[in-house]
Protein chains: 2
Amino acid sequence: MKTTELQVFRDYIRRRGLRQTPERETIVREIFRLHEHFDVDELYLRLAQQDLKVSKASIYRTLPLLVDCGLIREVEYTDGHWHYEHIYGHPHHCHLRCAACGRLVEFQEPLLFEIEKNLQEKYGYTIKDHVLTVLGYCPQCQGVGEAAGD
Amino acid sequence: MKTTELQVFRDYIRRRGLRQTPERETIVREIFRLHEHFDVDELYLRLAQQDLKVSKASIYRTLPLLVDCGLIREVEYTDGHWHYEHIYGHPHHCHLRCAACGRLVEFQEPLLFEIEKNLQEKYGYTIKDHVLTVLGYCPQCQGVGEAAGD
DNA sequence: ATCATTGCAAAAGCTTTGCATAAGA
DNA sequence: TCTTATGCAAAGCTTTTGCAATGAT
């Protein structure tokens, strides 16, 4: 049987001697119900709309736990705040972003493991992870953004 | 004769119809005198120590100009604020960071251009740039960080 | 003489935190 | 029962902005 994100979270909570609360579980469930990137405010509003009352303070206190147990990750810091995505159950991927319209493509690239191997050999680091974001102009925005310089 | 960062900046200023001020030039000079990553506070303090009076507001207003004309770039958002590096005159590079001690290695990796080409072909994007940060444990921190889970 | 830029202080945003109350274990 | 977690409001930080004065063109 497949391990769910909630199970992963509960194991983590127990392992760290923390407490399983409805607020924390509500947050986990909403993050995995949602299939896009999110930020604190969006998450808070979505919960509020469903009458799931969780304070922002609790969200701010819960997200680091979810990052720590590998359920989510910080994607990027833009517009003055962090954006997250859930990663549990998804293969590792990178992002290709359109510099003009913001459109986002997720891709996997085996060459990155080649790169990790090279770094391991050259600098003696034990590699743990990588984050790659590629910036360009999507087919719709070509000409537009490029000509404008941005 | 080699084009200096100050010339690049002055060209940009003129091109955009902005004004060449001593504050802006002081900022550019200090950033290129300094050969590490920096943040607003560090830059401000270094200038203050030299009795070069430039307000933080001016720094905050100038950095976006320097990013725009390609003299510097945002490296990462950590510890609650942005970190920058000057890039003019330096070949494009990526970062390898130790997850335990923070040690930073700059490296160049030709395979990334391969990756860019693949993305261009597969998704039709015109690629502009990429940012890759690899996380691992440096030779000194192996065992330490890894065993601790972080 | 114009009008952009500066510095200051205030404001704006996001995130963190102190504290009393609620509620897991 | 003993502590941790929650919610609220206040505080903390970084960054932005309004405005009068300054200074570049």
Side-chain angles (χ1 to χ4, degrees), chain A residues 6-7 9-31 37-48 50-69 72-84, chain B residues 6 9-31 37-69 72-84:
Chain A
L6 216 45
Q7 287 174 287
F9 183 60
R10 286 175 176 161
D11 284 356
Y12 171 81
I13 285 293
R14 237 159 254 157
R15 199 168 352 110
R16 292 223 13 204
L18 302 175
R19 286 177 187 175
Q20 185 174 318
T21 70
E23 288 83 0
R24 286 175 173 166
E25 305 216 333
T26 294
I27 291 169
V28 172
R29 263 192 295 265
E30 185 61 26
I31 287 174
H37 292 186
F38 66 93
D39 57 41
V40 169
D41 208 53
E42 276 169 41
L43 184 55
Y44 174 74
L45 290 175
R46 291 182 82 98
L47 291 173
Q50 301 169 61
D51 284 313
L52 297 169
K53 286 181 283 300
V54 178
S55 70
K56 275 196 185 176
S58 289
I59 294 177
Y60 276 113
R61 286 188 275 232
T62 300
L63 293 184
L65 302 178
L66 304 187
V67 169
D68 193 40
C69 70
I72 69 175
R73 79 170 171 194
E74 291 174 343
V75 177
E76 57 180 4
Y77 187 89
T78 47
D79 304 315
H81 57 263
W82 279 106
H83 294 254
Y84 301 84
Chain B
L6 215 46
F9 183 60
R10 285 175 177 160
D11 284 354
Y12 171 81
I13 285 294
R14 235 160 258 157
R15 197 165 356 107
R16 293 223 13 204
L18 303 176
R19 286 176 188 180
Q20 187 175 316
T21 70
E23 288 83 0
R24 287 175 172 166
E25 304 216 333
T26 294
I27 291 170
V28 172
R29 263 191 296 266
E30 184 61 27
I31 287 174
H37 292 185
F38 66 92
D39 57 42
V40 169
D41 208 54
E42 276 169 43
L43 183 56
Y44 175 75
L45 290 175
R46 292 181 82 98
L47 291 173
Q49 281 164 7
Q50 300 168 62
D51 284 312
L52 298 169
K53 286 183 281 302
V54 178
S55 70
K56 276 197 185 175
S58 290
I59 294 178
Y60 277 113
R61 284 188 273 232
T62 300
L63 293 184
L65 302 179
L66 304 187
V67 169
D68 193 40
C69 68
I72 69 174
R73 78 169 171 196
E74 292 174 342
V75 177
E76 55 179 6
Y77 187 90
T78 47
D79 303 317
H81 56 262
W82 279 107
H83 295 255
Y84 300 84

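Worth saying up front: this structure is predicted, and the values here are computed from it rather than measured. Just so it is clear: chains get the letters A, B, ... in the order the sequence lines come, proteins before strands, and each one is counted from 1. Because only heavy atoms are used, hydrogens play no part in the values below, and waters and symmetry mates are left out as well, while side chains stay in.
Here CD of B:E23 is found 8.5 Å from OG1 of B:T62. Values are rounded to the nearest 0.5 Å. Atom CZ of residue A:F9 and atom CZ of residue A:R14 lie 11.0 Å apart, to the nearest 0.5 angstrom. Put simply, CD on A:E25 and CG on A:L6 are 4.5 Å apart, with the number rounded to the nearest 0.5 Å. Annotation: the span from B:C69 atom SG to B:R15 atom CZ amounts to 7.5 Å, rounded to 0.5 Å. Taken from NE2 in B:H81 to CD in B:E76, the straight-line distance is 9.5 Å, to the nearest 0.5 Å.
Rounded to whole Å, atom C1' of D:dT14 lies 16 Å from atom CD of B:E76. Taking atom NE2 of B:H81 as the reference point, atom C1' of D:dT16 lies 17 Å away to the nearest angstrom.
Backbone-only contact: B:K53 has heavy atoms under 4.0 Å from sugar-phosphate atoms and none from a base.
B:L18 places a side-chain heavy atom less than 4.5 Å from the side chain of B:R24. Here the side chains of B:I27 and B:L66 are in contact, with some heavy-atom distance below 4.5 Å.
Think of the region where chain A sits on DNA chain C: with heavy atoms and a 4.0 Å cut, that region ends 5' and 3' at C:dC14 to C:dA25.
Along DNA chain D, the nucleotide closest to B:P64 and the one closest to A:A57 are compared, and the more 5′ of them pairs with A:A57.
OP1 and OP2 of D:dT16 both lie 4.0 Å or more from every side-chain N or O belonging to B:Y60. Put simply, A:S58 has a side-chain N or O that comes within less than 4.0 Å of OP1 or OP2 on D:dG7.
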Apply side-chain contact (heavy atoms from CB on, under 4.5 Å) to A:W82 and A:V40, showing your working. CA-CA 8 Å; A:W82 279 106; A:V40 169; over 6 Å; no
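Within residues 13-28 of chain B, the residues that have a heavy atom under 4.0 Å from DNA chain D are, in order of number, B:R19, B:Q20, B:P22.
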